[in-house]
Number of protein chains: 2
Amino acid sequence: MLTYMSLRIALLGLLDATGPASGYDLAKSFERSLNHVWQAGHTQIYPELVKMAADGLVAVESEGARGRKLYAITPEGASRLRSWLVEREPTSAPRSEAALQAFLLPLLDRESAIVVVERIRAQFAERLAVLECKPRDTSRFGRYALRLGLAQGHASLAWADETLAELRGPDAAAVDDAVGRD
Amino acid sequence: MLTYMSLRIALLGLLDATGPASGYDLAKSFERSLNHVWQAGHTQIYPELVKMAADGLVAVESEGARGRKLYAITPEGASRLRSWLVEREPTSAPRSEAALQAFLLPLLDRESAIVVVERIRAQFAERLAVLECKPRDTSRFGRYALRLGLAQGHASLAWADETLAELRGPDAAAVDDAVGRD
DNA sequence: TCTTGACATGTCACTCCTTACATGTCAATC
DNA sequence: GATTGACATGTAAGGAGTGACATGTCAAGA
């Protein structure tokens, strides 16, 4: 029951790393530095912070202008965060529409398949470009995850290029002929 | 509203690729050939097939022994499947606990960080092993997605090895010292 | 002064997905 | 004959996540 809640962990991690912040700040941080790792919008973050406060993981530190609420991590929160990090066996529920399209490619004729792979490639390239433009803006944080994202991104791009080469290849290795190869 | 529904697409794809099947069969196929691309259990599949039948995308073809229900894709379903494949801009909502742990690594001392990365590495290795054992069991299908998974898996493993090397490095590049490098 | 846009917080309805529960058939083995 | 295990289908409660809507502050510039 209490074993998932990765959103909590991500929020605690940001609060621990960068100090007290408002829900608004945290939503921005998700966009800036965490978007390739975990996604969350303010509609998810605000209620979660309230629950976390009720559970003693964060404390509302002060209220500033414009109704701003500053949340700070509590010792209990910091402890839970580190326990999770050290103990939690990470799970992954892969759900990638790009991979699904790749899976279904053999349904299409070669021309359509090329169009689809080109679109997938463009998206991989864009995501990679975002990561590559990313400065060390989170100082130490995000450093390792950034590298992981870059590695996976490069590999994905390479897959797209290889696949396009195969689909376009001079030996005309059409999708339908791919059965016996490799 | 009707723009998501990747589960439907995955089910239609399997039905199109391998012919009529029961919900039970489809759940097995998800486990066997689609598990690195999209996940779904039978509790999600059974109700979805009922809705898809109501929408005319599949037809209950016959009922066999043990209450078995055979679903077949309809022309409407096949058409929708191909439209989605060609037109849909794939989206991704990355939610990886492994990447989250990587992101948060600087919270830990070096020894703990090594333990965490070793666990992440083991998981990457296991997933990769599953993919590498995978025969061409889906004939043409899954071929491209399999390669994509392999590429990403190898890249992830390489990241883990590099990260471990850095954390263990003879020049003792501890996590806390990593700020000024790169 | 007024409008724009960043700041700031929230609710609600809905979809998606997971976990646990519940039921029953049929073939093979003990 | 009884038990086990693969086959086969479902429901219900609840958590997780999204998109649309709603509200209000404050600073800067037209």
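- We find that CG of B:L11 is positioned 11 Å from P of C:dC17, with the value rounded to whole Å.
- Here B:Q101 pairs with nothing under the side chain to side chain donor-acceptor pair (under 3.5 Å) rule; sequence neighbours left out.
- Identified under the ring pair (Phe, Tyr, Trp, His ring centres under 6.0 Å) test for residues 13-42 of chain A, with sequence neighbours left out: A:H42-A:Y46.
- By the 30° and 60° cut-offs, the orientation of the rings of B:F141 relative to A:F103 is tilted.
- When rounded to the nearest whole Å, the span between CG of B:L34 and P of C:dC17 equals 12 Å.
- The interatomic distance linking B:E48 (CD) with D:dT9 (P) rounds to 16 Å, in whole Å.
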Study note, to complete from the structure: With sugar-phosphate taken as primed atoms, P, OP1 and OP2 and all else as base, the protein-contact string of nucleotides 3-9 of chain C at under 4.0 Å (heavy atoms; B, S, -) is ----BBB
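- If you measure from atom CD of B:Q44 to atom C1' of D:dA13, you get 15 Å, rounded to the nearest angstrom.
- The distance between atom CE of A:M5 and atom C1' of D:dG15, rounded to the nearest whole Å, is 9 Å.
- B:E126 is linked by a side chain to side chain donor-acceptor pair (under 3.5 Å) to nothing, counting only residues two or more places apart in sequence or in another chain.
- A:E76 pairs by the salt bridge (Lys or Arg N to Asp or Glu O under 4.0 Å) definition with A:R80, not counting sequence neighbours.
- Side chain A:T43 to base D:dG17: no donor-acceptor pair is found below 3.5 Å.
- Atom CZ of A:F30 is separated from atom C1' of D:dG17 by 12 Å (rounded to the nearest Å).
- Every residue meeting the side chain to side chain donor-acceptor pair (under 3.5 Å) condition with B:D16, not counting sequence neighbours, appears here in chain and number order: B:R82.
- Rounding to whole angstrom units, CG of residue A:L7 and C1' of C:dC17 are separated by 16 Å.
- In this structure, A:R95 atom CZ and C:dC16 atom P are separated by 11 Å, rounded to whole Å.
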